[in-house]
Protein chains: 2
Amino acid sequence: MTATPPPRVTIKDVAARAGVSKGAVSLAFNHKPGLSEATRDRIFRAARELGWAPSSTARTLAGSRVDVVGLAVCRPARLLGLEPFYMEFISGVESVLVERSCSLLLRLVRSPEEEVGLMESWWRGRQIGGSILVDFRADDPRPAVAGRLGLPVVAVGHPSLTGGLTSVWTDDATAVTEAVRYLAALGHRRIARVGGAAALGHTSIRTTAFDEAVRSLEPAARAWQVATDFSGDAGARATRSLLAAAPGERPTAIVYDNDIMAVAGLSVAAEMGLRVPDDVSLLAWDDSQLCRLTHPTLSAMSHDVHGFGAEVARTLFGTITGEGPGSHPVPTPVLTPRGSTAPP
Amino acid sequence: MTATPPPRVTIKDVAARAGVSKGAVSLAFNHKPGLSEATRDRIFRAARELGWAPSSTARTLAGSRVDVVGLAVCRPARLLGLEPFYMEFISGVESVLVERSCSLLLRLVRSPEEEVGLMESWWRGRQIGGSILVDFRADDPRPAVAGRLGLPVVAVGHPSLTGGLTSVWTDDATAVTEAVRYLAALGHRRIARVGGAAALGHTSIRTTAFDEAVRSLEPAARAWQVATDFSGDAGARATRSLLAAAPGERPTAIVYDNDIMAVAGLSVAAEMGLRVPDDVSLLAWDDSQLCRLTHPTLSAMSHDVHGFGAEVARTLFGTITGEGPGSHPVPTPVLTPRGSTAPP
DNA sequence: GCACCTTACTGAACCGGTAAAGTCTCTATT
DNA sequence: AATAGAGACTTTACCGGTTCAGTAAGGTGC
């Protein structure tokens, strides 16, 4: 990739026009002391007249800040488009980055190994000042790599998954328990969960919590759990197989790990002639706007994804500026009852 | 944003370890002639042992390639999360970037002016090698700016909007016409369209085309058009007001500019006690997976958004490598009839 | 009137690479 | 044996900033 001929203005031109040295221009643009107001003005005027802005590449090389943070996402591209979660998360991250004139370097990768390689080359190549790590798995290699490289990162995920890295997380276990208790309180005793990708750490946290929550119900209840890839199709398939059993043998309530699958579940129920919530209750997760657009509206575990992203970005800046590792819980998803849940 | 102390390996260390000069290492890593196989091997081995990768920052500064492309999106952050379009578009772009080891610099901006400023500073700061421009408006300032800066860009939008820039576009006018003809063929004579943001160029192209298409129907038909902000809520509101009229006075078919609004429309119809498609037909646009997850499934103008993104990225590389301006149409969205459309 | 500070600014080194010109050695040619 | 030429490297000059050790001018105190 070759760049076009760059007849670009540099600090030297500005210095010449203002009648000072490059050093003076640098001082002015970094708001450092050691210049008279008059000179400062002259420099800024010259820069404005020439349309000059400092090259962040050169600045980076000269050893000061890096104003880019990285985010690699390891999920099949086609699924990502569907997940309202990511775009909203990213927009939250951006909202904080913008304040500090930082940009987000985004990359979709196909495997955790590729992601690790990318982190290394981004960091070594001084392209990023820090990175956001998402979708932790069991025995994730990234904490070790980040440690070895000295790369400032913030991990999105429960501290039990993120190997000592600074982490930002929601208490999924508690949220799952709350969801189960809510459904139980409505009278449900046959409860299913359509989970996300089994390899993901937060999925197994939810799986365990769900199991325990249902097991601890009085009187005894029955549980089902299915793993999916988060896609609507998988959610539809899972729902179909759960609801295929005889009326007394099938779940009366289903919890979904994201809202796309819940929407799919809603449609499967309709297609099978089951009424929601009379015949079966559905409960979504994440609660994007989508949940309020269906009919019936979807009850959901809602969650300020935008704010979550913002907190992640703030935490990352903390890490970059040298704060030690820490654990930053954000508010637990809260149950928002709507039209898709009712007593069985 | 200060970086952590960087005890990082540089080209000098590699050169020392391999017993050659920096120049030799540079030659090796750029696969240029002038080195013996043996030396090349020694250099690569040394680099591997030290875990070195060339700093793209330094490379950029030294005047060679820039391996980052920019994308600024000017829409309210909270809406973006909802739009399946963008993530899918981005994933298409990425699919091509990855092949060339390029990354995407993403930024959400709040105004066209901010976007213009960002382009300037990205380009001046040598942060990007080129940029993707989306969401063109009437009298958009970006073509002029890109021209003035010499910034290689590709515009996503109809050539009539993109002021002579290389553009990649779908033929929205034809697609709208096809949608209208399809509904007319089913027998609809009262057709509405819930459009996107009025300020956007492609919205006005669709608006004009819709108007003409309906006007040219025989026997005469009636048209409604409403502008929205693309959000589900706005789509719901628009649908409610369209369907509030007396049965003989309201549209029997509604076309939506994206699928989120169509989903919202579906739910509004249900809430108003109208059956889809018996009482009213709905037709979505973009056709993400969402359209197949509702009940009834949504008929849609479908569109390979991923492929669209990929084509945009390929075209951008063309522009960066000096290809002259061009117009790259991608396939017109094609009508995919599903369960939400039927004769009135 | 002289030593001593500040203040305001300059000059040069440096960041980690690339690129073009220069050097040295070895082989082929006349 | 002298000359040319190719191959394999090295040297050096940037790229566009930052940083830091100077330095010259003006102000203070005694």
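It should be emphasised that the depicted structure is a prediction, and the values quoted were computed from it without experimental measurement. Order of the sequence lines sets the chain letters (A, B, ...), proteins ahead of strands, with each chain counted from 1.
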Rounded interatomic separation in angstrom, taking [atom1] from [X] and [atom2] from [N]:
{"X": "A:Glu37", "N": "C:dC9", "atom1": "CD", "atom2": "P", "value": "10 Å"}
{"X": "A:Lys22", "N": "D:dC20", "atom1": "NZ", "atom2": "P", "value": "16 Å"}
{"X": "B:Asn30", "N": "C:dA19", "atom1": "CG", "atom2": "P", "value": "7 Å"}
{"X": "B:Phe29", "N": "C:dG16", "atom1": "CZ", "atom2": "C1'", "value": "14 Å"}
{"X": "B:Leu27", "N": "D:dT12", "atom1": "CG", "atom2": "P", "value": "17 Å"}
{"X": "A:Gln127", "N": "C:dG16", "atom1": "CD", "atom2": "P", "value": "15 Å"}
{"X": "B:Leu61", "N": "D:dT18", "atom1": "CG", "atom2": "P", "value": "12 Å"}
{"X": "B:Leu35", "N": "D:dC9", "atom1": "CG", "atom2": "P", "value": "6 Å"}

Mapping A:Gly23 and A:Lys12 to their closest nucleotides on DNA chain D, which lands nearer the 5' end?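 By nearest-heavy-atom nucleotide position, the 5'-most residue is A:Lys12.
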Side chain proximity check, B:Val153 to B:Ser131, heavy atoms < 4.5 angstrom: yes
Walk me through it: do A:Val156 and A:Phe89 pass the test side-chain contact (heavy atoms from CB on, under 4.5 Å)? CA-CA 11 Å; A:Val156 174; A:Phe89 176 75; 4.0 Å; yes
Look at the side chain of [X] and decide which nucleotide, out of [options], has an atom nearest to it.
{"X": "A:Ala62", "options": "C:dA19, D:dT18, C:dA8", "value": "D:dT18"}
{"X": "A:Thr39", "options": "D:dC9, C:dG16, C:dC9", "value": "C:dC9"}
{"X": "A:Ala24", "options": "D:dT18, D:dT10, C:dT10", "value": "C:dT10"}
{"X": "A:Ser55", "options": "D:dT18, C:dC15, D:dG17", "value": "D:dG17"}
{"X": "A:Pro54", "options": "D:dG17, D:dT19, C:dC9", "value": "D:dG17"}
{"X": "A:Ser21", "options": "C:dA8, D:dC9, C:dT10", "value": "C:dT10"}

Quiz question: by atom type and distance under 3.5 Å, do the side chains of [X] and [Y] form a donor-acceptor pair?
{"X": "B:Arg107", "Y": "A:Ser103", "answer": "yes"}
{"X": "B:Thr60", "Y": "B:Thr57", "answer": "no"}
{"X": "A:Trp169", "Y": "A:Ser327", "answer": "yes"}

At under 4.0 Å, does any side-chain N or O of [X] touch on OP1 or OP2 of [N]?
{"X": "A:Arg126", "N": "C:dG16", "value": "yes"}
{"X": "A:Ser36", "N": "C:dC9", "value": "yes"}
{"X": "B:Trp52", "N": "C:dG16", "value": "no"}

By the 4.0 Å heavy-atom rule, please label A:Val20 as base, sugar-phosphate, or nothing.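 If one applies the 4.0 Å heavy-atom cut-off, A:Val20 turns out to touch the sugar-phosphate alone, with no base involved.
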